[in-house]
Structure formats: C-alpha cells, structure tokens
Amino acid sequence: MSTPFTADAIEAIKRHMNDDHADDALIIVRGLGGRPDATTAVTSDVDAEAIEFTIDGGERVRVPWGETITERAQVRKAVVTLYRDACGKLGLPARGEH
C-alpha cells in the first residue's frame with residue numbers, strides 16, 4: 001500500500017468523503033466492496049491503489065481504484081467512477097453531478 005499523498009492530504013480526503021459523501025461511500029461498499037448488506041461505511045484510508053472503508057463499526061473493506069493514483073487531483077475522478085460503477089451494479093440511478 002504505497003501512497004503519493006501526505007498525511008494531511010489523506011485526512012482532507014477522508015474528511016470530505018465522510019462529511020459530504022457518506023451515502024456514496026455506502027453505495028461503493030455495497031456495489032463494489034462485496035458487502036451488499038453493509039449499513040454504514042466510513043472512509044478510513046486512501047492510497048495509490050485503493051480507497052478503504054470501515055463498515056458496520058469495524059470491518060475494513062478496500063475497493064481498488066482500477067488504476068494507480070499518482071496525484072491527489074485524480075482522487076475525485078476515481079471516486080466518481082467507483083460511485084457510478086457501483087450504482088450500475090446495484091441498479092441505482094447515479095446523480096448527475098458530484
């Protein structure tokens with residue numbers, strides 16, 4: 001698990017995901033994380049290979065980006081892609097803007 005991000009950048013990404021996209025995180029975990037029955041998902045880590053969530057109070061689930069992330073600016077696009085892919089897998093309509 002290598003990371004191109006500073007500790008501050010990781011904390012900012014986690015804070016943004018948890019404050020503004022908690023519902024999206026749960027959709028990603030259910031659709032792509034192999035945990036369709038999860039009831040909560042908190043973003044707990046981010047690295048070059050994946051985003052990690054802590055679900056239902058303890059289990060950690062890593063969802064790969066699908067490509068290696070080398071810059072912080074790539075994270076937003078990668079999360080949107082995961083969200084849309086998860087919506088498609090779950091048969092949910094994806095919101096138009098992120």
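Since the model is a prediction, treat every value here as computed from it, not as a measurement.
- Counting all heavy atoms, side chain and backbone alike, Arg95 lies closest to Arg84 at O-NH2, 3.8 Å.
- Taking 4.5 Å as the limit, every side-chain heavy atom of Asp45 sits out of range of all side-chain heavy atoms of Ile51.
- Taking OG1 from Thr43 and CD from Glu52, the interatomic distance works out to 10.0 Å, rounded to the nearest 0.5 Å.
- Looking at residues two or more places apart in sequence or on another chain, you find no side chain to side chain contact (heavy atoms under 4.5 Å, CB included) involving Asp23.
- When hydrophobic clusters are built by joining Ile, Leu, Val, Met, Phe, Trp and Tyr residues whose side-chain heavy atoms come closer than 4.5 Å, directly or via intermediates, Ile69 is grouped together with Ile10.
- Looking only at side-chain heavy atoms (C-beta outward), Val75 and Trp65 come within less than 4.5 Å of each other.
- Of the possible polar contacts, none joining the Asp56 side chain to the Ala38 backbone as a donor-acceptor pair under 3.5 Å is found.
- Taking CZ of Phe53 as the start and OG1 of Thr40 as the end, the distance is 12.0 Å to the nearest 0.5 Å.
- Under the side chain to side chain contact (heavy atoms under 4.5 Å, CB included) criterion, Ala12 pairs with Arg15, Arg72, sequence neighbours left out.
- Between Ala48 and Pro4 the shortest heavy-atom distance is CB-CD, 3.6 Å.
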- request: Could you go through the side-chain contact (heavy atoms from CB on, under 4.5 Å) check for Ile55 and Arg60 one step at a time?
  value: CA-CA 6 Å; Ile55 65 166; Arg60 289 189 173 232; over 6 Å; no

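- Residues Ala41 and Val29 come closest through the heavy atom pair CB-CG2, 3.8 Å.
- Shown here for Leu82 and Leu32, the closest heavy-atom pair between the two residues is O-CD1, 3.3 Å.
- Residues Met17 and Val79 form a side-chain contact, since some pair of their non-hydrogen atoms from C-beta on lies under 4.5 Å apart.
- Nearest heavy-atom pair, Val61 versus Arg35, reported as atom, atom and distance to 0.1 Å: CG2-CG, 3.9 Å.
- Counting only heavy atoms from C-beta outward, the side chains of Ser44 and Lys14 never approach each other to under 4.5 Å.
- Inter-residue side-chain proximity for Arg30 and Leu90 is flagged as met; some heavy-atom pair is nearer than 4.5 Å.
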message: Evaluate Glu49 against Arg62 for salt bridge (Lys or Arg N to Asp or Glu O under 4.0 Å), listing each step before the verdict.
response: CA-CA 9 Å; Glu49 305 301 325; Arg62 285 178 56 81; over 6 Å; no

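- Within the 4.5 Å cutoff, the side chain of Tyr83 has heavy atoms near those of the Ile27 side chain.
- In this structure, the separation between OG1 on Thr39 and CG on Leu26 is 7.5 Å, given to the nearest 0.5 Å.
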